[in-house]
2 protein chains.
Amino acid sequence: MVENSELRKAGLKVTLPRVKILQMLDSAEQRHMSAEDVYKALMEAGEDVGLATVYRVLTQFEAAGLVVRHNFDGGHAVFELDDGKHHDHMVNVETSEVIEFFDEEIERLQKAIVDKYGFEMVDHNLVLYVRKKK
Amino acid sequence: MVENSELRKAGLKVTLPRVKILQMLDSAEQRHMSAEDVYKALMEAGEDVGLATVYRVLTQFEAAGLVVRHNFDGGHAVFELDDGKHHDHMVNVETSEVIEFFDEEIERLQKAIVDKYGFEMVDHNLVLYVRKKK
DNA sequence: TTTATTGCAAATCGTTTGCATCTCC
DNA sequence: GGAGATGCAAACGATTTGCAATAAA
């Protein structure tokens, strides 16, 4: 279970909305949720939190490293709890299901390319859009 | 030079705005332009085309396969002429410069992963955010 | 002439912000 | 009690759309 100490550690006051949002991200069936998703889930759970607060809190969580933000195709951002383990994503375009994967070799090759160009990596983003093989 | 026949081939009437936009994408210094970029460039060139038209035309070009749309981090989409050769992108976060690259090995590994999960690839998207090594 | 295309302004979507009110420490 | 957090509604930036006017074929 997510601890309130994580909030304190991040220099964030332990408030009801923050605790609820953190719990929601931790307990929801879907690991990847948009701000809207979180908001609706809270509503359904009878928790009364404003949408603006959800956006604000998610952004703070991201800055604090509690959460990672992804910009998959299609307008809105999705967030997931940061478990510290980097991974990439596969999106099933037919179901919108998100599958996580990690490939050491790909990571290595990316670094090699960045290096070759004389840059250093700030961030990287790999998304495979897929569909069940017929 | 881009040909009007490309427009006809795509089933699009050859209109002034479409021709101008296509030429702009072909001749601009930057291969990657947002709708706003194209619009401003046209204005500066004395061409009078509405912003809504630029959006509409770019979307049609994308559907016709003349142009590829990318959603890099940061709100707005960028478009580039489709030369038929797939490549990935590196974005210099300090200058917003976009560098194209292609790595056969990475492509191969991506396919292998998709395969392993029993999917087929619909599309894929790899962006490396980088900065000059200090 | 006929139908597609354009320009404009208003609408939409996801997200952010100002501000008065409320909560946590 | 006071700093910081919240909710609401208004503001936002990117993109889309309705519609009457216009330009291709």
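Side chains are part of it too, since the values below use all heavy atoms of this structure and drop only hydrogens, waters and symmetry mates. To find a chain, count down the sequence lines: A is the first, B the second, and so on, and within it residues start at 1.
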Tell me, please, which residues at least two apart from [X] pass side chain to side chain donor-acceptor pair (under 3.5 Å).
| X | result |
| --- | --- |
| A/Ser34 | A/Asp37 |
| A/Asp115 | B/Lys133 |
| B/Asp103 | none |

Nearest-angstrom distance from the residue atom [atom1] of [X] to [atom2] of [N]:
| X | N | atom1 | atom2 | answer |
| --- | --- | --- | --- | --- |
| A/Leu51 | D/dT6 | CG | P | 14 Å |
| B/Leu7 | D/dA25 | CG | P | 10 Å |
| A/Phe61 | D/dA5 | CZ | P | 11 Å |

Applying the 4.5 Å side-chain criterion to the ILVMFWY set and letting contacts propagate, would B/Leu109 and A/Met121 be lumped into a single cluster?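 Hydrophobic grouping puts B/Leu109 with A/Met121.
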In terms of hydrophobic clustering (I, L, V, M, F, W, Y; side-chain heavy atoms under 4.5 Å; direct or indirect links), are B/Val127 and A/Val130 co-clustered?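 Per the 4.5 Å side-chain linkage, B/Val127 and A/Val130 are not co-clustered.
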Determine all donor-acceptor pairs shorter than 3.5 Å in which one atom belongs to a side chain in residues 59-68 of chain A; sequence neighbours excluded.
{"unit_1": "A/Thr59", "atom_1": "OG1", "unit_2": "A/Tyr55", "atom_2": "O", "d": "2.9"}
{"unit_1": "A/Thr59", "atom_1": "OG1", "unit_2": "A/Arg69", "atom_2": "NH2", "d": "3.4"}
{"unit_1": "A/Gln60", "atom_1": "OE1", "unit_2": "A/Arg18", "atom_2": "NE", "d": "3.4"}
{"unit_1": "A/Gln60", "atom_1": "OE1", "unit_2": "A/Arg18", "atom_2": "NH2", "d": "3.2"}
{"unit_1": "A/Glu62", "atom_1": "OE1", "unit_2": "A/Arg69", "atom_2": "NE", "d": "3.0"}
{"unit_1": "A/Glu62", "atom_1": "OE1", "unit_2": "A/Arg69", "atom_2": "NH2", "d": "3.1"}

Please work out which residues in residues 11-21 of chain A have a non-hydrogen atom less than 4.0 Å from an atom of DNA chain D and list them by number.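 Output list: A/Lys13, A/Thr15, A/Pro17, A/Arg18.
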Quick check: closest heavy atoms across A/Val49 and A/Pro17, and the distance to 0.1 Å?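 The answer is CG1-CB, 4.1 Å.
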What's the shortest heavy-atom distance between A/Leu7 and A/Val14, and which atoms?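 Scanning both residues, the minimum pair turns out to be CB-CG2, 4.2 Å.
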For nucleotides 18-22 of chain D, which of its nitrogen or oxygen atoms have a protein nitrogen or oxygen under 3.5 Å away, and what is each distance?
{"unit_1": "D/dG18", "atom_1": "O6", "unit_2": "B/Arg56", "atom_2": "NH1", "d": "3.3"}

Using a 4.0 Å cut-off on heavy atoms, which residues in residues 65-73 of chain B reach DNA chain C? List them by number, or say none.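 When residues 65-73 of chain B is checked for heavy atoms under 4.0 Å from DNA chain C, there are no hits whatsoever.
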DNA chain C contacts among residues 30-43 of chain A, heavy-atom distance under 4.0 Å: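 Per residue number, the list is empty: none.
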Could you walk me through whether A/Val54 and A/Leu58 pass the side-chain contact (heavy atoms from CB on, under 4.5 Å) test, one step at a time? CA-CA 6 Å; A/Val54 173; A/Leu58 286 173; 3.7 Å; yes
Pick the nucleotide of DNA chain D nearest each of A/Asp48 and B/Thr59; which residue has the one closer to the 5' end?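 By nearest-heavy-atom nucleotide position, the 5'-most residue is A/Asp48.
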Can you give me the first and the last nucleotide of DNA chain C (5' to 3') that has an atom within less than 4.0 angstrom of a non-hydrogen atom in chain A?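 Nucleotide range with atoms under 4.0 Å of chain A: C/dG14 to C/dC25.
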Less than 3.5 Å apart, which donor and acceptor atoms pair up between the side chains of residues 74-83 of chain B and the rest of the protein, not counting sequence neighbours?
{"unit_1": "B/His76", "atom_1": "ND1", "unit_2": "B/Gly74", "atom_2": "O", "d": "3.0"}
{"unit_1": "B/Glu80", "atom_1": "OE1", "unit_2": "B/Arg31", "atom_2": "NE", "d": "3.4"}
{"unit_1": "B/Glu80", "atom_1": "OE1", "unit_2": "B/Arg31", "atom_2": "NH2", "d": "2.5"}
{"unit_1": "B/Glu80", "atom_1": "OE1", "unit_2": "B/His32", "atom_2": "NE2", "d": "3.4"}
{"unit_1": "B/Glu80", "atom_1": "OE1", "unit_2": "B/His87", "atom_2": "NE2", "d": "3.3"}
{"unit_1": "B/Glu80", "atom_1": "OE2", "unit_2": "B/His70", "atom_2": "NE2", "d": "2.6"}
{"unit_1": "B/Glu80", "atom_1": "OE2", "unit_2": "B/His87", "atom_2": "NE2", "d": "3.1"}
{"unit_1": "B/Glu80", "atom_1": "OE2", "unit_2": "B/His89", "atom_2": "NE2", "d": "3.1"}
{"unit_1": "B/Asp82", "atom_1": "OD1", "unit_2": "B/Gly84", "atom_2": "N", "d": "2.7"}
{"unit_1": "B/Asp83", "atom_1": "OD1", "unit_2": "B/Lys85", "atom_2": "N", "d": "2.9"}

Taking NZ, NE, NH1 and NH2 as the nitrogens, is one of them in A/Lys132 or A/Glu94 under 4.0 Å from a carboxylate oxygen of the other?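 Looking at A/Lys132 and A/Glu94, the cut-off is not met.
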Among all residues two or more places apart in sequence or in another chain, which pass the side-chain contact (heavy atoms from CB on, under 4.5 Å) test with A/Ala28?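 A/Ala28 satisfies side-chain contact (heavy atoms from CB on, under 4.5 Å) with A/Met33 only.
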Ring pair (Phe, Tyr, Trp, His ring centres under 6.0 Å) pairs, two or more places apart, involving residues 101-134 of chain A: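 Applying ring pair (Phe, Tyr, Trp, His ring centres under 6.0 Å) to every pair that reaches into residues 101-134 of chain A, excluding sequence neighbours, yields A/His86-A/His124.
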